[in-house]
Novice: 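Here's a structure for you.
From a predicted model like this one, the values you see are computed outputs, not experimental measurements. Chain identifiers are assigned alphabetically (A, B, ...) following the order of the sequence lines, protein sequences preceding nucleic acid strands; residue numbering begins at 1 within each chain.
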2 protein chains.
Amino acid sequence: MTPPSEPISLSPEARPAEGRAVLPLYDQDPTERADAARNRAKLLEAAAALIREQGAEHLTMDAVATAACVGKGTVFRRFGDRVGLLFAVLDQTEREFQNAFMFGPPPLGPDADPVTRLEAFGVESLRRLAADMNLYLEADQQASARYGAPPRKVRARHVSMLLRRAQVEGDVELLTETLLGTLDPAFVNHLLTNRGRTAEELESGWCDLVARITHHC
Amino acid sequence: MTPPSEPISLSPEARPAEGRAVLPLYDQDPTERADAARNRAKLLEAAAALIREQGAEHLTMDAVATAACVGKGTVFRRFGDRVGLLFAVLDQTEREFQNAFMFGPPPLGPDADPVTRLEAFGVESLRRLAADMNLYLEADQQASARYGAPPRKVRARHVSMLLRRAQVEGDVELLTETLLGTLDPAFVNHLLTNRGRTAEELESGWCDLVARITHHC
DNA sequence: GGAATAAATGGACCGTGGTCCGCTTTTATG
DNA sequence: CATAAAAGCGGACCACGGTCCATTTATTCC
């Protein structure tokens, strides 16, 4: 069972880790200047603190800059835009999850059968989503960023691989995207908040969908 | 075969049509003052013109107000916010579609079997999406508006009804939302633009998904 | 028709995301 | 260590979405 690749960071600048550690390393773009790296760390820390205190929905770029004692331009230079900053804050968590489903123990990791792994993948996604829903919702706003982001690609590769190993016939890529669509933050939040669904229902709904797609007659 | 209900407008102010016409009427809130109605019309016209000229992505509220020779506050009073205005511009098209799948001829309308109607529903959605993609993308930005909007609810009711008539077992509402997720503008646009999928592939992908969900063994 | 009431109006105003560019700091080079 | 090139910096500035409220306009009732 060959791990497909290194975990891929949310931040465009970050590079793949050197080793095959199960937990991701805090790697940086080596060409980044010392002061830039320092400011990046200060900004991430400030952003995380502000999100903890006031919620991601009230995070303003000015506030982050001020809290980190840094000019506003620096925030944009480091993270591109607001969504980029939010992604960077989510980065750590994202990479843990990636490691778990690529290298970790069953049922998520490689030592389980594909259908079990698919089920576990969705269930774990839903739980992590629930844990940081507001942050994910904020980061999700821009439609363009939603699908192109590296973590999404990693997940898509992973799910496609599992579908193929489960001998699924048909347009695997399209089925993959359909499955991932079910885990979209805004979508899950809608079901939980406006449709009165419980987390358990969503989890078993995911497993049912996996069954329908993999056991099609 | 009983039509479930009247077409529901995108705009909160609009009321259901009086008759059972196949094509929707331009109905208004009767309590709306004459000057307000006049401005609404002027604004919708101006917005549509600007969108035609420069694309929905460049539409600003100031520009619409100026083009309609109206104060900016009026635009917001009439349509709530930018998404509300875009929805209002889409309203006409939306209601045509609603009429088509609720009262129109087969394969969309009531005189076809449920699975055929489901297939036609997705295919037609995808085509209409393609025709006004930029406008739909702009209107889609706000996650909260995405799922709560009246047309989405109408579609959900419709698809649920068809699934039940097709004797589908399981959590029909969840399956409905999954199916509709496949027709999300941002999602479809991503597949067409970034994944190099063709409209035909998406259409047959939809039909395949319908088959997997309705013919589950 | 005129007064009273309610609704609508418009544009000044505000907050926030994002850009720009002259200046400062770091780093590479000899 | 000196110097030059490159990278980073900061905060003034801009555009746009959205709010507010003093004033104007439509409607209703007598």
Novice: Name the nucleic acid region contacted by B:L59, choosing base, sugar-phosphate or nothing; use a 4.0 angstrom heavy-atom cut-off, strictly under.
Specialist: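 Sugar-phosphate contact only.
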Novice: Of the nucleotides C:dA8, D:dG10, C:dG11, which one has an atom closest to the side chain of B:A36?
Specialist: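 Of C:dA8, D:dG10, C:dG11, C:dA8 is nearest to the side chain of B:A36.
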Novice: Tell me whether A:R197 is salt-bridged to B:D171, with the criterion being a basic N under 4.0 Å from an acidic carboxylate O.
Specialist: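 Salt bridge flag = yes for B:D171 with A:R197.
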Novice: C:dA8 phosphate, OP1 or OP2: any side-chain N/O from B:R78 under 4.0 angstrom?
Specialist: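 For C:dA8, OP1/OP2 do have a side-chain N/O of B:R78 under 4.0 Å.
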Novice: Can you measure A:R77 atom CZ to D:dA6 atom C1' for me and round it to whole angstrom units?
Specialist: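 Nearest whole value for this atom pair: 10 Å.
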Novice: Between B:D81 (CG) and D:dC16 (C1'), how many Å, whole number?
Specialist: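 Rounded to the whole Å, the gap is 13 Å.
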Novice: Before accepting this row, confirm whether a basic side-chain N of the pair B:E173/B:R164 lies closer than 4.0 Å to the acidic partner's carboxylate O.
Specialist: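 Here B:E173 does not pair with B:R164 in a salt bridge, since their nearest N and O are not under 4.0 Å apart.
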Novice: Check A:L50, A:L135, A:L59 against A:V89 for a side-chain contact (heavy atoms from CB on, under 4.5 Å) and give me the one that passes.
Specialist: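 Among the candidates, only A:L135 passes.
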Novice: Within the sub-3.5 Å range, which N or O atoms of nucleotides 27-30 of chain C have a protein N or O partner, and how far apart are they?
Specialist:
{"from": "C:dT27", "atom 1": "OP1", "to": "A:A34", "atom 2": "N", "distance (Å)": "3.2"}

Novice: Any idea which heavy atoms bring A:P151 and A:E94 closest together, and the distance?
Specialist: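 Where A:P151 meets A:E94 most closely, the heavy atoms are CB-OE1, 3.6 Å.
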Novice: Look at the side-chain N and O atoms of A:T74 and state whether any lies under 4.0 Å from the OP1 or OP2 oxygen of D:dG10.
Specialist: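 Answer yes for this pair, as a side-chain N or O of A:T74 is under 4.0 Å from OP1 or OP2.
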Novice: Please report, rounded to the nearest Å, how far the P atom of D:dT19 is from the CE atom of B:M61.
Specialist: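 The answer, rounded to whole Å, is 10 Å.
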Novice: Mind calculating the distance between CG (A:L85) and C1' (C:dG18) to the nearest angstrom?
Specialist: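 Nearest whole value for this atom pair: 14 Å.
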Novice: Less than 4.0 angstrom from a charged side-chain N to a carboxylate O is my criterion; do A:R128 and A:D132 meet it?
Specialist: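 Answer for the salt bridge query: no.
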Novice: Got more than 12 heavy atoms from elsewhere within 6.0 Å of CD, B:Q54?
Specialist: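 Check passes, neighbour count above 12.
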Novice: Mapping A:N39 and B:G73 onto DNA chain D by nearest heavy atom, which one lands closer to the 5' end?
Specialist: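 Counting from the 5' end, the first nearest nucleotide belongs to A:N39.
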Novice: In whole angstrom, what separates A:R82's CZ from C:dG18's P?
Specialist: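 Those two atoms, CZ and P, are 8 Å apart.
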Novice: Using a cut-off of strictly less than 4.0 Å, decide whether B:R38 has a side-chain nitrogen or oxygen near OP1 or OP2 of C:dA8.
Specialist: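 Looking at the OP1 and OP2 atoms of C:dA8, neither is under 4.0 Å from any side-chain N or O of B:R38.
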Novice: From CG of B:D62 over to P of D:dT19, roughly how many Å is that when rounded to an integer?
Specialist: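 B:D62 atom CG is separated from D:dT19 atom P by 14 Å.
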Novice: Starting at atom CZ of A:F76, determine the distance to atom C1' of C:dC20, rounded to an integer number of angstrom.
Specialist: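 Nearest whole value for this atom pair: 13 Å.
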Novice: Please report the distance, rounded to the nearest Å, between NZ in A:K72 and P in C:dG17.
Specialist: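 Atom NZ in A:K72 sits about 7 Å away from atom P in C:dG17.
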Novice: Applying side-chain contact (heavy atoms from CB on, under 4.5 Å) between A:T178 and each of B:D208, B:L179, B:T182, report the one that passes.
Specialist: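 So, applying the side-chain contact (heavy atoms from CB on, under 4.5 Å) to A:T178 and each of B:D208, B:L179, B:T182, only B:T182 qualifies.
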